[in-house]
K.L.:
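The following block contains the structure, expressed as structure tokens.
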Amino acid sequence: MKTIHRMDKYSYLNHNPELIEELYQKYLKNPEDLESGWKHFFEGFEFSRKNYQEDDSTSLAEFKVINLIEDYRKRGHLFTKTNPVRTRRQYEPSLDIQHYGLEEKDLEQVFHAGNKLGIGSAKLKDIIQFLERTYCGSIGAEYYYIRDTEQVEWLREQMESSQNTPNFPIDRKQRILAKLTYAVGFEKFIHKKFPGQKRFSLEGAESLIPALESIIESGSLRGVKEFIIGMPHRGRLNVLANIMHKPYFEILSEFEGNEFDDEAVLGDVKYHMGYSSKRPNSKGSEIALTLSPNPSHLEAVSPVVEGMVRAKIDDHSNAITEDNIIPILIHGDASIAGQGVVYEVIQMSKLKGYKTGGTIHLIVNNQVGFTTSYLDARSSIYNTDVAKTIQSPVFHINGDDVEAVSFAVQLAVEYRQTFKQDVFIDLLCYRKYGHNEGDEPRFTQPLLYKAIEKHPHTQAIYAKKLIEENSITQEDIQRLEDSFHNTMEYSLIKSKEVTKTSIHNFLESSWENIRRAKEGDFDYSPDTSVDIETLQAIGKPLVELPENKAFYRKLVRLQNNRSDMLFKHQKLDWAMGELLAYGTLLKEGHSVRFSGQDVERGTFSHRHAVFTLEDSCDKYIPLQHIDSEQASFSIYNSLLSEYGVLGFEYGYALASPNDLVIWEAQFGDFSNGAQIIFDQFLSSAEDKWNVMNHLVVLLPHGFEGQGPEHSSARIERYLTLCAENNMQVCQPTTPANMFHLLRRQLHREFRKPLIVFTPKSLLRHPLAMSDLSDFAQGAYQEIIDDNDVQDPNKITKIAICSGKIYYDLLEEKRKRQNKEHIAILRLEQIYPLPMVQIKAILEQYPAHKELVWVQEEPLNMGAWPFLKNNFEGYELQVISRPPTGSPATGSSKFHKAQQQDIIERLLA
Ligand SMILES: Cc1ncc(C[n+]2csc(CCOP(=O)(O)OP(=O)(O)O)c2C)c(N)n1
């Protein structure tokens with residue numbers, strides 16, 4: 001239906017009674033056919049008619065008032081007093097009564113429409129005063145676009161019944177003032193004692209502290225036991241001190257730049273560190289708080305926090321549910337508007353694989369990003385407009401009205417707890433200094449900073465208000481300030497005794513029994529074998545489908561083939577290797593979580609971990625039917641995101657050290673969309689923040705003549721990130737080795753991220769099959785010897801390669817005569833480079849004169865650039881494609897010629 005805009009409505013009201021009649025008839029037939037504004041309009045009309053039997057002209061005037069009320073609800077947020085330091089932009093049309101066909105003289109007129117606000121029949125001027133107070137004061141609410149009428153009604157009721165005006169008891173006011181005093185005092189103290197040191201002060205936005213306090217307090221009074229917070233640099237130290245209760249002296253000691261207490265880590269700057277703590281609420285109940293460590297990369301922590309929360313919800317060994325854990329994401333106004341990962345995270349919020357029962361988003365809106373004005377930072381009116389994609393309410397609040405802040409965030413918590421949806425709080429404030437304390441803001445924002453200079457700080461504004469209303473005395477305030485100052489002075493003295501900075505192991509309790517990796521850990525792989533009987537018992541339900549359900553015939557055939565592989569031929573393909581790895585881990589009590597694009601079936605149709613019924617969309621997941629005692633298996637096709645989803649899975653793994661957590665890229669090259677997570681988390685987090693992680697990343701890789709895209713997962717990039725055994729980079733070539741690799745992830749006493757380059761065409765290659773007995777013995781083979789070699793003493797040339805090219809070389813070598821002097825080894829783990837294992841194999845070939853690395857990637861890519869520098873003790877030559885800018889050719893013929901050339905160069 002054509003949308004009728006509000007301006008049109010007045011003219012309809014005044015000049016087009018026929019059109020109103022037409023709309024009314026439509027309304028009578030089906031109210032849902034009308035735009036919601038008109039629907040509400042006619043509801044009001046009906047209400048008046050039924051209750052007051054009015055004549056037409058009175059009804060028309062009532063309509064106009066109802067229309068005005070509706071517009072306050074819808075557009076009132078555009079006319080609020082929410083900006084503490086400057087006037088707002090002007091929006092047209094305004095809410096002036098003239099725009100509604102009403103006049104000055106109507107102000108004294110009584111309208112029944114007041115009933116819609118719960119104030120009974122009332123004069124128009126009183127109705128407007130009510131609306132101004134509710135919708136145009138310190139709180140601007142955007143909620144009328146929500147399509148779920150129950151939510152709209154609920155929000156309306158909450159806000160109108162209270163007129164969005166808090167009526168707090170004195171003790172709550174005093175608590176708010178105390179928090180504000182600590183927040184302000186903390187920044188001032190550090191500013192004075194450590195001049196010139198970066199701290200990304202919260203000054204100008206100190207009401208963030210009472211806001212968080214109110215979220216935590218009201219959440220915990222509604223049963224919430226745990227909050228996991230993600231936030232950027234700004235105000236982080238203040239949050240650590242005044243919300244997380246990290247001791248002041250510890251924070252102050254960090255300004256000394258001491259070395260870290262753990263020599264094995266490099267550490268990070270103080271405003272990136274994570275922290276976990278337990279503290280009581282006002283009634284003494286314990287609340288667990290975690291602040292995730294985060295990199296400088298704004299918003300990168302958002303998906304990570306969501307993943308952590310979800311892992312806790314999924315873990316059935318605790319009592320955590322969506323009801324009692326809340327993720328809190330704190331954003332900057334520039335970063336929430338500009339960073340695409342925010343959108344990715346928000347799109348996850350209602351998906352079954354990723355939802356966390358609603359996130360509280362808190363925006364520290366200081367109206368500037370570094371030096372950039374909000375006018376250059378977004379096209380949307382509000383920084384929070386992304387909220388509308390998921391129909392979340394947004395509260396824009398004047399940060400100087402700290403009671404309004406406390407009140408609105410409490411409402412946000414209640415909304416989250418009632419509807420389990422995301423909610424946004426846009427805290428309008430300012431930034432006292434430049435981007436950091438040493439940065440000159442007047443270079444770029446002279447006018448804004450003139451206003452800020454003259455502006456009293458939030459605590460002074462609130463203290464004045466409380467004194468004026470006799471809630472507190474000037475002496476009380478002085479005492480509060482002095483006492484806080486003394487605490488800080490004492491903490492400063494104590495901080496001087498600290499000689500080393502301790503890196504807190506956040507989420508410590510989950511990681512209790514897991515040690516850090518040490519020297520020698522990678523010289524071998526642990527036994528990960530499973531005996532044949534157990535493999536077949538676990539495998540049986542994996543190769544079957546329920547009798548009473550109908551499946552597409554090709555799927556039935558697939559399962560029959562799998563059954564034959566397992567029981568008849570005892571020779572398994574890649575998919576079976578993978579499924580048995582998951583199955584055996586599940587049986588051992590490790591939950592498995594797997595997500596990525598199209599992972600349920602698998603991009604290359606090899607996995608089929610999920611079977612869709614033929615006559616419905618129901619799904620059957622064999623890995624969930626292994627045993628009544630098994631751990632949980634979940635697999636989710638993800639939204640089309642890399643950055644957000646990888647960040648989520650990284651966070652999930654952080655909070656679940658005993659689960660196998662896997663993310664698979666559709667093709668390996670797409671993983672660069674998530675580069676920030678690889679750089680800032682997976683490869684470096686252990687060094688920076690002393691946190692381990694064991695996320696498995698599967699990246700399909702291999703040069704198969706399919707063009708420049710999808711051939712290379714960029715092995716070289718991962719290898720440049722490797723040092724100090726920070727992560728594992730592997731490329732297994734057999735199903736059994738993949739099985740052992742996945743199992744190894746949880747069969748060691750420490751945890752490390754695992755990047756696996758996985759096959760595409762090799763998934764169905766007849767040579768890339770493994771005997772069942774290979775699963776029943778041994779461990780992950782970091783390097784695989786050449787089993788074709790008859791007499792090791794005759795080997796003069798050794799080729800080492802990795803991945804699919806092995807099979808190309810093998811097939812060609814077998815075809816040719818007189819190649820018995822060449823051995824082909826497979827490097828299945830490129831990092832940590834298994835030199836101990838490599839040496840042991842090379843020593844078996846005493847006559848070898850030539851050692852050559854063969855790769856299908858161009859010379860400037862693949863493992864070669866890494867091996868050239870790290871293959872110590874041997875002279876290694878190389879055969880590869882020539883160096884190129886693009887990873888692979890778009891011509892399948894040229895691809896074949898290049899591949900053949902590589903083979904020739906080895907075998908000629
Ligand atoms: C992804 C990313 N790009 C650039 C930067 C550099 N940077 C640091 S702070 C900042 C401005 C952030 O503005 P806003 O989100 O409004 O937060 P504020 O600093 O104003 O609190 C920028 C661009 C960054 N940290 N992360």
K.L.:
Side chains of Asn725 and Asp521, heavy atoms from C-beta outward: is any pair under 4.5 Å?
P.N.:
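No - every pair of side-chain heavy atoms lies 4.5 Å or more apart.
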K.L.:
Under the 3.5 angstrom rule, does the side chain of Arg743 hit a backbone N or O of Tyr582 as a donor-acceptor pair?
P.N.:
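No.
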K.L.:
For Arg516 and Lys518, indicate whether the former's side chain and the latter's backbone hold a donor-acceptor pair under 3.5 Å.
P.N.:
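Here the side-chain-to-backbone pair does not exist.
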K.L.:
Distance alone, cut at 3.5 Å: any donor-acceptor contact between the side chains of Thr528 and His740?
P.N.:
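Judged by distance alone, the side chains do pair up.
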K.L.:
Run the ring pair (Phe, Tyr, Trp, His ring centres under 6.0 Å) test on Tyr636 and Phe594 for me, step by step, so that the C-alpha distance in whole Å, both residues' side-chain angles and the decisive distance to 0.1 Å come before the verdict.
P.N.:
CA-CA 6 Å; Tyr636 301 103; Phe594 196 152; over 10 Å; no
K.L.:
Who passes side chain to side chain donor-acceptor pair (under 3.5 Å) against Ser529, sequence neighbours left out?
P.N.:
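In terms of side chain to side chain donor-acceptor pair (under 3.5 Å), with neighbours along the sequence ignored, Ser529 is linked to Asp527.
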K.L.:
Keeping Gln559 on the side-chain end and Leu542 on the backbone end, is there a donor-acceptor pair under 3.5 Å?
P.N.:
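Here the side-chain-to-backbone pair exists.
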K.L.:
Looking at Lys815 and Glu812, does any basic side-chain N land under 4.0 Å from a carboxylate oxygen?
P.N.:
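Salt bridge: yes.
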K.L.:
Answer yes or no for Arg593 and Tyr652: cation-pi contact, defined as NZ/CZ to six-membered ring centre under 6.0 Å and angle to ring axis within 45°.
P.N.:
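Judged by the rule, Arg593 and Tyr652 form a cation-pi pair.
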K.L.:
Is a side-chain N or O of Gln731 found less than 3.5 angstrom from the main chain of Pro759, in a donor-acceptor match?
P.N.:
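Not a single qualifying donor-acceptor pair exists.
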K.L.:
According to salt bridge (Lys or Arg N to Asp or Glu O under 4.0 Å), who are the partners of Lys540, at least two apart in sequence or on a separate chain?
P.N.:
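Listed in chain order: Glu544.
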K.L.:
Can you tell me which residue pairs pass the ring-ring contact (aromatic ring centres under 6.0 Å, His included) test with a partner in residues 763-793, sequence neighbours excluded?
P.N.:
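ring-ring contact (aromatic ring centres under 6.0 Å, His included) check on residues 763-793 returns Phe739-Phe775, His765-Tyr807.
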K.L.:
Checking His701 side chain against Ala713 main chain: does a donor-acceptor pair fall under 3.5 Å?
P.N.:
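Pair found, side chain donor or acceptor close to backbone of Ala713.
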K.L.:
Phe604: which residues meet the ring-ring contact (aromatic ring centres under 6.0 Å, His included) condition with it, sequence neighbours left out?
P.N.:
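ring-ring contact (aromatic ring centres under 6.0 Å, His included) check on Phe604 returns Phe667.
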K.L.:
Hey, which of Gln745, His694, Lys752, Glu782 is the one that makes side-chain hydrogen bond (donor to acceptor under 3.5 Å, both in side chains) with Gln728?
P.N.:
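When Gln745, His694, Lys752, Glu782 are each tested with Gln728, the side-chain hydrogen bond (donor to acceptor under 3.5 Å, both in side chains) holds only for Gln745.
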K.L.:
Are a donor atom and an acceptor atom from the side chains of Asn693 and Glu686 found within less than 3.5 Å of each other?
P.N.:
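Looking only at side-chain atoms, Glu686 and Asn693 do not form any donor-acceptor pair under 3.5 Å.
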K.L.:
Do Asn737 and Gln781 have side-chain N/O donor and acceptor atoms under 3.5 Å apart?
P.N.:
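Absent: no donor and acceptor within the cut-off.
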K.L.:
Pairs under 3.5 angstrom only: tabulate donor-acceptor contacts from the side chains of residues 615-622 to other protein residues two or more places apart or in another chain.
P.N.:
residue	atom	partner	partner atom	Å
Ser616	OG	Asp618	N	3.1
Lys619	NZ	Glu600	OE1	2.9

K.L.:
Applying ring-ring contact (aromatic ring centres under 6.0 Å, His included), can you list everything that pairs with Tyr831, at least two apart in sequence or on another chain?
P.N.:
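For Tyr831, the residues satisfying ring-ring contact (aromatic ring centres under 6.0 Å, His included) (neighbours in sequence not counted) are Phe866.
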K.L.:
What pairs meet the ring-ring contact (aromatic ring centres under 6.0 Å, His included) rule with one or both residues in residues 538-568, with sequence neighbours excluded?
P.N.:
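Sorted result for residues 538-568: empty, none.
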K.L.:
Mind checking side chain to side chain donor-acceptor pair (under 3.5 Å) for Glu664 and listing every partner two or more places apart, or none if nothing turns up?
P.N.:
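Expected list: Arg607.
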K.L.:
Could you pull out all residues at least two apart from Ser880 that satisfy side chain to side chain donor-acceptor pair (under 3.5 Å)?
P.N.:
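Expected list: none.
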K.L.:
Using ring-ring contact (aromatic ring centres under 6.0 Å, His included) as the criterion, list what pairs up with Phe894, not counting sequence neighbours.
P.N.:
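For Phe894 there are no ring-ring contact (aromatic ring centres under 6.0 Å, His included) partners, ignoring immediate neighbours.
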K.L.:
Would you say Asn726's side chain and Ser683's backbone share a donor-acceptor pair under 3.5 angstrom?
P.N.:
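Indeed, once roles are kept as given, a pair shorter than 3.5 Å links the two residues.
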K.L.:
Got a donor-acceptor contact below 3.5 angstrom from the Asp531 side chain to the Thr534 backbone?
P.N.:
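Yes, Asp531 side chain to Thr534 backbone: donor-acceptor pair under 3.5 Å.
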K.L.:
Could you tell me which residues satisfy ring-ring contact (aromatic ring centres under 6.0 Å, His included) with Phe670, sequence neighbours excluded, listed by chain and number?
P.N.:
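So Phe670 forms a ring-ring contact (aromatic ring centres under 6.0 Å, His included) with His710.
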K.L.:
Which residue pairs pass the salt bridge (charged side-chain N to carboxylate O under 4.0 Å, His left out) test when at least one of the two sits in residues 759-781, sequence neighbours left out?
P.N.:
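Those involving residues 759-781 are Lys571-Asp771, Glu704-Lys760.
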